[in-house]
Protein chains: 2
Amino acid sequence: MTHSQQDQELHAVTLEQPTLAAACDAIADGIDREALVTVFGRCTVEYDGRASSTLDAGDRHVMLKPDGAALVHTDEGQQPVNWQPPGCDHEVFCEQRDADADRSDAAETAGGTATETETETEILTLESVRSTPDERLLVRFRNVLQVSAFSGTDETELALSGTEEDLRQRLLDEPDLLEPGFTPLATERDTAAGAIDIYGEDDAGRTVVVELKRRRVGPDAVSQLRRYVDALGRDLHADTTVRGILVAPSVTDRAKRLLTEHGLEFISLEPTAA
Amino acid sequence: MTHSQQDQELHAVTLEQPTLAAACDAIADGIDREALVTVFGRCTVEYDGRASSTLDAGDRHVMLKPDGAALVHTDEGQQPVNWQPPGCDHEVFCEQRDADADRSDAAETAGGTATETETETEILTLESVRSTPDERLLVRFRNVLQVSAFSGTDETELALSGTEEDLRQRLLDEPDLLEPGFTPLATERDTAAGAIDIYGEDDAGRTVVVELKRRRVGPDAVSQLRRYVDALGRDLHADTTVRGILVAPSVTDRAKRLLTEHGLEFISLEPTAA
DNA sequence: CATTAAATATCGGTT
DNA sequence: AACCGATGTTTAATG
């Protein structure tokens with residue numbers, strides 16, 4: 001690929017302090033060209049779908065992705081304050097709107113500050129909608145400080161290690177890490193309660209159910225293991241002894257107590273060797 | 001607040017196609033001023049901490065928040081491809097660097113394309129670090145298309161409805177929604193297995209444990225309810241009858257089977273009235 | 001489409 | 001700082 005061909009793919013267009021009409025055009029164009037579009041400015045946000053929420057006016061950063069995702073970020077927190085998952089349709093439009101429409105009746109009756117907003121009646125609206133489930137996100141801007149449309153390429157995939165899958169491989173490669181004589185027989189073995197991470201036998205021929213967790217675990221993981229052990233005990237003959245072993249870096253006190261109560265075991269092991 | 005006072009707070013500074021040195025200065029200045037900083041360009045990403053990951057060169061959008069959060073977004077997905085939680089220290093620096101350093105030895109020995117990168121030896125590095133746990137995110141840019149620093153105010157809080165807390169209030173306001181004669185006695189009642197959502201009595205004076213979920217539930221919620229019923233049965237006298245009732249919009253088939261197996265009940269109820 | 005469980009889950013509250 | 005449970009969890013795997 002030549003340098004000029006790359007330039008055709010990789011570019012960024014930015015408007016600073018645009019009029020709402022200009023911002024609207026730039027956003028619509030960015031969505032059309034399947035760019036990653038960002039908008040920064042003063043806005044209100046409404047969401048309705050699995051739950052519903054409202055957010056009063058504030059300065060926020062909105063990102064619209066070409067796959068249909070939408071993210072509204074404040075200056076705090078890792079998570080967006082509002083969002084929409086991939087698969088949504090983004091729309092943008094500019095309209096005349098009663099500036100008092102967003103305000104509560106209480107503010108209206110309080111009066112006094114109404115004159116400040118009466119001059120600004122134009123509103124830029126971003127709307128992201130999807131179905132199954134029906135969900136709608138509405139972002140209304142009174143003021144846009146910046147609009148950008150980014151185009152680029154990203155063919156790479158994340159290479160991640162330290163996952164539960166790494167822990168599984170580590171144990172399958174070296175079963176003695178569980179205990180001497182352990183023999184794995186199956187992974188993802190199905191039971192009425194779900195799939196067992198590792199199913200095997202100890203050196204005395206007893207059935208072993210292994211539940212893997214990549215990090216320190218609480219009571220939930222113990223319950224999960226218990227479900228599997230119970231289900232397998234019913235699936236097999238009633239006189240079969242089934243051992244349940246939780247494998248994780250560590251357990252909480254409450255989880256340890258639950259393990260003891262239910263006759264389950266714990267082995268400390270990390271996803272990757274130190 | 002006057003209009004001019006607002007302007008002092010609300011502004012955005014943007015550089016397009018900056019040199020890496022200029023980008024570095026702008027980013028450092030934005031971090032200093034506690035602005036929300038964004039960078040778009042071609043970069044590699046490395047993470048090491050609770051797990052570890054690498055991401056080869058691609059065009060991505062990076063956001064640095066003044067609370068220490070960092071987000072790396074591609075053009076796909078709701079979630080960032082890499083991130084760092086709030087509380088990190090952001091650093092930025094520009095350095096001469098062997099352009100082949102990012103490439104694998106295999107690429108080196110393959111040769112041929114090395115000449116394309118030999119001319120670009122300057123690298124802009126973003127580094128976000130925290131402790132407890134020790135975690136580090138490294139973003140290395142070969143090319144920056146845009147840098148922005150956003151300042152604004154956001155004093156508002158999200159108003160969210162349709163949560164588990166709404167469901168709890170609905171049931172406390174109208175206990176008959178569970179069943180006629182139900183009397184709530186406590187919320188968050190503590191047991192050895194954790195806190196019970198609602199603890200009460202039925203019209204026959206039997207103890208009732210209620211577990212609430214705002215949406216359709218699977219086996220996990222049944223296990224949770226079962227833990228609470230068991231724990232309460234041990235806390236109270238052995239001859240006490242304890243009913244366990246799961247309240248949610250709906251249950252999966254497998255969860256329904258588990259409820260029946262363990263003598264637990266289910267009542268369909270949504271967080272908010274239709 | 002529903003079901004199931006993992007995740008660098010994140011986030012808030014409490015101890 | 002550890003622990004615990006909710007989340008508009010999101011995401012991927014699987015039937």
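Naming: A, B, ... by sequence-line order, numbering from 1 per chain.
As a whole-Å value, the separation of B/E211 CD from D/dG5 C1' is 9 Å. Between the CD atom of B/E165 and the P atom of D/dG5 there is a distance of 17 Å, rounded to whole Å. Rounded to whole Å, the distance from CZ on B/R254 to P on D/dT14 is 15 Å. Between A/L138 atom CG and D/dG8 atom P the separation is 19 Å, expressed in whole Å. Look at OH on A/Y47: it is 8 Å from P on D/dG8, rounded to the nearest Å. The separation between A/R257 atom CZ and D/dC3 atom P is 12 Å, rounded to whole Å. Rounding to whole angstrom units, CD1 of residue B/I196 and P of D/dG5 are separated by 12 Å. Between the CG atom of A/D197 and the P atom of D/dT14 there is a distance of 13 Å, given to the nearest Å.
Taking only distance into account, the side chain of A/E135 meets the base of D/dG8 through a donor-acceptor pair shorter than 3.5 Å. The base of D/dG8 is paired with the side chain of A/N82 by a donor and an acceptor separated by under 3.5 Å.
For residues 245-258 of chain B, the side chain to side chain donor-acceptor pair (under 3.5 Å) pairs, not counting sequence neighbours, are B/R216-B/S250.
Judged by distance alone, with hydrogens and angles left aside, the side-chain atoms of A/R214 form a donor-acceptor pair with the main-chain N or O of A/G162 at under 3.5 Å.
Running 5' to 3' along DNA chain C, contacts with non-hydrogen atoms of chain A at under 4.0 Å begin and end at C/dC1 to C/dC11.
Both A/L137 and A/T252 sit near DNA chain D, but only A/T252 has its closest nucleotide nearer the 5' end. Annotation: of the two residues near DNA chain C, B/A51 and A/R227, the 5′-most nearest-nucleotide partner is A/R227. Along DNA chain C, the nucleotide nearest to B/A255 and the one nearest to B/Q84 differ in position, and the one closer to the 5' end is contacted by B/A255. Each of A/V81 and A/P219 has a nearest nucleotide on DNA chain D; the 5'-most of these lies closest to A/P219.
Side-chain contact check for B/S53 and B/N82: at least one donor-acceptor pair (N or O, by modelled atom type) lies under 3.5 Å. A/D166 and A/T163 share a donor-acceptor pair across their side chains, judged by distance under 3.5 Å alone. Side chains of B/K65 and A/H73: a donor on one and an acceptor on the other come within 3.5 Å.
Taking atom C1' on both C/dT8 and D/dT14, the two are 25 Å apart, rounded to the nearest angstrom. If you take atom C1' in D/dT7 and the same atom in D/dT11, they sit 14 Å apart, rounded to whole Å. Going from the C1' atom of C/dA9 to that of C/dA5 covers 13 Å, rounded to whole Å. Only the P atoms considered, C/dG12 is 16 Å distant from D/dT10, to the nearest whole Å.
Within 4.0 Å of A/G194, counting heavy atoms only, lie sugar-phosphate atoms of the nucleic acid but no base atom. Residue A/A193 is classed as a sugar-phosphate contact, given heavy-atom separations below 4.0 Å to backbone atoms only. Nucleic acid contact class of B/T163 (heavy atoms, under 4.0 Å, all strands): sugar-phosphate only. Among the atoms of the strands shown, none is found under 4.0 Å from any heavy atom of A/S52.
Using the six-membered ring where Trp is involved, A/F150 and B/H61 have ring planes that are perpendicular, over 60° apart on the 30 and 60° scheme.
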* CA sep, side-chain torsions, deciding dist, call: B/E135, B/Y47, side chain to side chain donor-acceptor pair (under 3.5 Å) -> CA-CA 8 Å; B/E135 288 190 299; B/Y47 158 75; 2.5 Å; yes
N/O to N/O distances under 3.5 Å, protein versus nucleotides 9-13 of chain D:
residue	atom	partner	partner atom	Å
D/dT9	OP1	B/R215	NH1	2.7
D/dT9	OP2	B/R214	NH1	2.2
D/dT10	OP1	A/R50	NH2	3.1
D/dT10	OP1	A/W83	NE1	2.7
D/dT10	OP2	A/R50	NH1	2.6
D/dT11	OP1	B/Q78	N	3.0
D/dT11	OP1	B/Q79	N	3.1

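A salt bridge links B/E179 with B/R243; the closest basic N to acidic carboxylate O contact falls under 4.0 Å.
The number of heavy-atom neighbours closer than 6.0 Å to CD of A/E188, taken from other residues, nucleotides and ligands shown, is above 12.
Between B/E127 and B/L137, every side-chain heavy-atom pair lies at or beyond the 4.5 Å cut-off.
Between B/W83 and B/R50, the closest heavy-atom pair is NE1-NH2, 4.2 Å.
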